[in-house]
Amino acid sequence: MTAEKRTTDSGIEIQPLYTTPVALENIPGNYPFTRGIQSDMYRGRLWTMRQYAGFSTAEESNKRYKYLLQNGTMGLSVAFDLPTQIGYDSSHAMSAGEVGKVGVAIDTLKDIEILFDGIELEKITTSMTINATASTLLAMYIALAKKQGADIKKISGTIQNDILKEYAARGTYIYPPKPSMRIITDVFEYCSKEVPKWNTISISGYHIREAGSTAVQEIAFTLSNAKAYAKAAIDKGLDIDIFGQRLSFFFNAHNNFFEEIAKFRAARRMWAQIAKELGAKNPKAQMLRFHTQTGGSTLQAQQADTNIIRVTLQALAAVMGGTQSLHTNGFDEALSLPTENAARIALRTQQIIAYESGVVDTVDPMGGSFFVEELTNKIEAEAWNYIEKIDAMGGSVSAIEQGYMQKEIAAASYKYQKDIEEEKKIIVGVNKFSVAEEMNPSILKVDDSIRKIQMAKIESVKANRNEENVQKLLLAIEQKAIDGTNVMPTIIEAVESYATLGEVADVFRKVFGEYKA
């Protein structure tokens, strides 16, 4: 524990940890990490304030990143537009109307160079919310780091790379599950040797919750998916004590304050047990490290300012639940992409919690609460029931192929909506405490001219690249995809030669086909 003394505003000394004599397993930093993965938690180091951002062109997103960094964000988190997520260049017919709308448009390495212009990758951590095309976006990031002269063994960050939840909840998949899993394990293998500080997957419950799941389903399905990824990596010959240290998780934070805190505590305890059963002996491979984002689906267009209160409650639950990094949503996100003002308020929310609330002064402040401890136990028990059912089906891939997770999420979502409509659940401003007239806040709009800008960039890049070399490298990726050789080194070479994201995705489409639900 840190020797630094902390007191309340009244001068009462705060102990680092409050506990009666207990077994070692109930001490923070010890297996199974129920009370936190570090012995001192935020007394030693605050969570990373990592604001998710990206829209329009790389130039516009670069401005927003610099704005956030100037205002105190500690790490970057990149949002990509829909065509980038599903492997289409901005010039593709399928991209019409979607370029730059829900994130930044990335077609080639040139866009990544612009996106991070003036930002040294060796000095910042970056999270990229990308799945089906994760290997290509990571390849572009590595290529830029090399161009900047960075030691790629020192660059750090996270790639979401979690395709299983796309089939279950979100829908931005391209290839069938089995070849998708193969590409993911290629990323694991490559990064374990070449980019050892990179978190190669962020196993996401966030989108499962956004699709309508309960808190119990969120952690059950996420941990079941994590088992599938770990087993696939072990089958590939990778050591869980090594790759397990680079696994990270991504959870949602909703409005039920105590349930969310208990959920995070239960998830840590459960993953520690799962990792141990899979053969992990290194405590760092047994730790569940997670990023949290406040609940996008909880934000309301009615009386949008009230979303500031929702986000504050959710962020506080994430902090009291022991998150390692946190994104707070802008209050206007039910209406549009967040404006600069909304993004600043969202960041200030985290900063006020960190520096003014006092909740960071002791480890696991809810630990020992009869209610929270019992709720943690009950959430864990119900989540294990789900995992046992999935295991009996043959694991996550099989359960997804059978539609089990999708049906369970849909049923939970239906019940939640029915409860709102019948006023069994109150949503302030929606089914109670509404107002006749509302203010119209300014919103951020991205127009369709962005696609023309991106198409011009693609044309320029193609006119100036070595076309023969690009085609040779695309053929090499195809051959490796067929014969099972690790594709990552060749993808990096291809993007360094300015192959487009869509060209790489089309190679895999040719070899693996596209998944139809």
Side-chain angles (χ1 to χ4, degrees), residues 85-87 128-139 158-193 198-205 207-208 220-240 242-244 246-250 271 274-275 278-280 387 390-391 393-406 477-478 480-491 504-505 507-517:
Q85 293 179 48
I86 55 177
M128 292 189 277
T129 304
I130 196 73
N131 297 283
T133 55
S135 56
T136 306
L137 269 299
L138 178 57
T158 303
I159 195 102
Q160 190 163 100
N161 205 22
D162 173 11
I163 202 65
L164 292 179
K165 64 93 174 51
E166 297 296 327
Y167 304 112
R170 190 163 175 263
T172 63
Y173 47 74
I174 305 175
Y175 326 112
K178 288 182 174 66
S180 293
M181 292 287 281
R182 175 268 169 99
I183 296 171
I184 287 167
T185 55
D186 278 2
V187 173
F188 286 3
E189 183 180 50
Y190 174 82
C191 288
S192 68
K193 297 171 185 173
W198 196 268
N199 295 322
T200 49
I201 193 167
S202 177
I203 306 153
S204 176
H207 304 97
I208 291 169
F221 297 163
T222 303
L223 296 178
S224 184
N225 288 347
K227 280 179 71 173
Y229 291 124
K231 286 181 177 178
I234 291 166
D235 289 345
K236 197 177 179 74
L238 303 181
D239 184 349
I240 191 172
I242 296 173
F243 77 77
R246 305 296 355 147
L247 300 180
S248 66
F249 292 78
F250 175 22
W271 177 246
I274 290 167
L278 289 171
I387 290 174
I390 292 166
D391 285 347
M393 294 178 191
S396 276
V397 174
S398 179
I400 288 166
E401 289 174 340
Q402 294 176 50
Y404 172 71
M405 290 187 193
Q406 298 92 312
I477 293 172
E478 181 180 344
K480 289 189 173 185
I482 292 167
D483 67 24
T485 309
N486 194 305
V487 294
M488 275 303 292
T490 313
I491 295 176
V504 175
V507 170
F508 291 128
R509 282 188 178 96
K510 180 181 176 183
V511 176
F512 300 136
E514 293 190 64
Y515 179 71
K516 304 296 181 187

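Counting from 1, the numbers follow the sequence of the chain as shown.
- Interatomic distance, I242 CD1 to E189 CD, rounded to the nearest 0.5 Å: 12.0 Å.
- The line from CG of L164 to CD1 of I203 is 9.5 Å long, rounded to the nearest 0.5 Å.
- Looking at every heavy atom in both residues, R182 comes nearest to A481 through NH1-O, 2.9 Å.
- In this structure, T485 contributes its side chain and K480 its backbone to no donor-acceptor pair below 3.5 Å.
- Scanning both residues, I390 and S396, for their nearest heavy atoms gives CG2-N, 3.7 Å.
- Minimum interatomic distance between A220 and I387 (heavy atoms only, all atoms of both residues): O-CG1, 3.6 Å.
- Screening T136, T490, V487 against V504 for a side-chain contact (heavy atoms from CB on, under 4.5 Å) leaves a single residue, T136.
- To the nearest 0.5 Å, the span separating CG on D235 from CE on M181 amounts to 9.5 Å.
- Here the side chains of H207 and D162 are not in contact, with every heavy-atom distance at 4.5 Å or above.
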For side chain to side chain contact (heavy atoms under 4.5 Å, CB included), just list the numbers for L247 and F188, CA-CA rounded to whole Å, side-chain angles, deciding distance to a tenth of an Å, and then say yes or no.
CA-CA 9 Å; L247 300 180; F188 286 3; 4.2 Å; yes
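- Looking at P176 and K516, their side chains never come closer than 4.5 Å, going by heavy atoms from C-beta outward.
- Between the side chains of S398 and Q402, at least one donor-acceptor pair of N or O atoms lies under 3.5 Å.
- A distance of 5.0 Å separates CG in L278 from CD1 in I234, rounded to the nearest 0.5 Å.
- For E478, the salt bridge (charged side-chain N to carboxylate O under 4.0 Å, His left out) partners two or more places apart in sequence, or in a different chain, are K510.
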List the steps and the verdict of side chain to side chain contact (heavy atoms under 4.5 Å, CB included) for I159 and C191.
CA-CA 11 Å; I159 195 102; C191 288; over 6 Å; no
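- Residues S180 and Y515 bring no donor and acceptor atom of their side chains to less than 3.5 Å of each other.
- Between I400 and Y404, the closest side-chain pair of non-hydrogen atoms is not below 4.5 Å.
- Put simply, CG on N161 and CD1 on I201 are 5.0 Å apart, with the number rounded to the nearest 0.5 Å.
- No side-chain donor from either of K165 and S204 sits under 3.5 Å from a side-chain acceptor of the other.
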Please determine whether side chain to side chain contact (heavy atoms under 4.5 Å, CB included) holds for the pair I183 and M488, giving the CA-CA distance in whole Å, both sets of side-chain angles, and the decisive distance to 0.1 Å.
CA-CA 8 Å; I183 296 171; M488 275 303 292; over 6 Å; no
E401/K178 under side chain to side chain contact (heavy atoms under 4.5 Å, CB included): CA gap, chis, key distance, verdict
CA-CA 11 Å; E401 289 174 340; K178 288 182 174 66; 3.6 Å; yes
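- Evaluation of the side-chain hydrogen bond (donor to acceptor under 3.5 Å, both in side chains) rule for K236 yields D186 as partners, not counting sequence neighbours.
- Counting heavy atoms from C-beta outward, Y175 and I163 have side chains that stay 4.5 Å or more apart.
- Ring geometry, Y167 versus Y173: the interplanar angle falls under 30°, so the pair is classed parallel (tilted spans 30 to 60°).
- Using a 4.5 Å cut-off on side-chain heavy atoms (C-beta onward), D239 and F243 make no contact.
- Residues R170 and Q85 meet the side-chain proximity criterion, which asks for heavy atoms closer than 4.5 Å.
- Residues Y190 and I491 are not in side-chain contact: their nearest non-hydrogen atoms beyond the backbone lie 4.5 Å or more apart.
- Within the model, atoms OG1 of T200 and CZ of R246 stand 8.0 Å from one another, a figure rounded to the nearest 0.5 Å.
- Without hydrogens or angle criteria, R509 side chain to I174 main chain gives no donor-acceptor distance under 3.5 Å.
- The shortest side-chain heavy-atom distance between L223 and F249 falls under the 4.5 Å cut-off.
- Under the side-chain contact (heavy atoms from CB on, under 4.5 Å) criterion, S202 pairs with T158, Q160, S248, F250, sequence neighbours left out.
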